[in-house]
Amino acid sequence: MRPTGKYRYLTFEDRKKIEAWYLNGDRPAEMCVRLSCHLTTLYKELQRGATGTLDRNQREGYSAELAERRLHENFKRRGKKRATAET
């Protein structure tokens, strides 16, 4: 049996908080502490919701709605996982 880590998906509410904090100029490390998530998780989330334009802080823009849409598209593309028999 392989031990698994404790993880969770970010919710849309989490994404809206990230969007507000990021626009406010907060650092990603501070946001991670507030959300209780790993820094890598947050950076991947910022890439997922990247708008391609700069925000008022001269950083890559982030959109919670865009990130949520891309997440669902990735889930659809990935499909359902098949159950495998353990030997």
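Positions are given from 1, in the same order as the sequence printed here.
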Side-chain heavy atoms under 4.5 Å apart, restricted to Ile/Leu/Val/Met/Phe/Trp/Tyr: what other residues fall into the cluster of [X], or is it alone?
X: L54; result: none
X: F12; result: none
X: Y43; result: L10, I18, W21, Y22, M31, L35, L39, L42, L46, Y62

* To do: Output all residues satisfying side chain to side chain donor-acceptor pair (under 3.5 Å) with T41, sequence neighbours left out; order by chain, then residue number.
  =>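 Per chain and number, T41 pairs via side chain to side chain donor-acceptor pair (under 3.5 Å) with no residue.
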* In chain order, what residues pass the side chain to side chain donor-acceptor pair (under 3.5 Å) check against T40, with sequence neighbours excluded? ->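 For T40 the side chain to side chain donor-acceptor pair (under 3.5 Å) partners, ignoring immediate neighbours, are H38.
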* Pairing residues for K16 by the salt bridge (Lys or Arg N to Asp or Glu O under 4.0 Å) criterion, not counting sequence neighbours ->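 Counting only residues at least two positions away or on another chain, K16 forms a salt bridge (Lys or Arg N to Asp or Glu O under 4.0 Å) with E13.
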* Sequence neighbours excluded - salt bridge (charged side-chain N to carboxylate O under 4.0 Å, His left out) pairs with any residue from residues 55-74 ->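 Sorted result for residues 55-74: R15-E68.
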* What pair of heavy atoms forms the shortest contact from S63 to E19, and how long is it? ->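 In this case the closest contact between S63 and E19 is CA-OE2, 4.0 Å.
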* **Nearest atoms (heavy-atom pairs only) where A67 meets G49** =>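 Here A67 and G49 meet closest at CB-CA, 3.7 Å.
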* To do: Please identify each residue that fulfils side chain to side chain contact (heavy atoms under 4.5 Å, CB included) with T53, with sequence neighbours left out.
  =>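 Listed in chain order: T51.
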* Please list, chain by chain and in numerical order, all residues satisfying side chain to side chain contact (heavy atoms under 4.5 Å, CB included) with E30, sequence neighbours excluded. =>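 For E30, the residues satisfying side chain to side chain contact (heavy atoms under 4.5 Å, CB included) (neighbours in sequence not counted) are D26, R27, R34.
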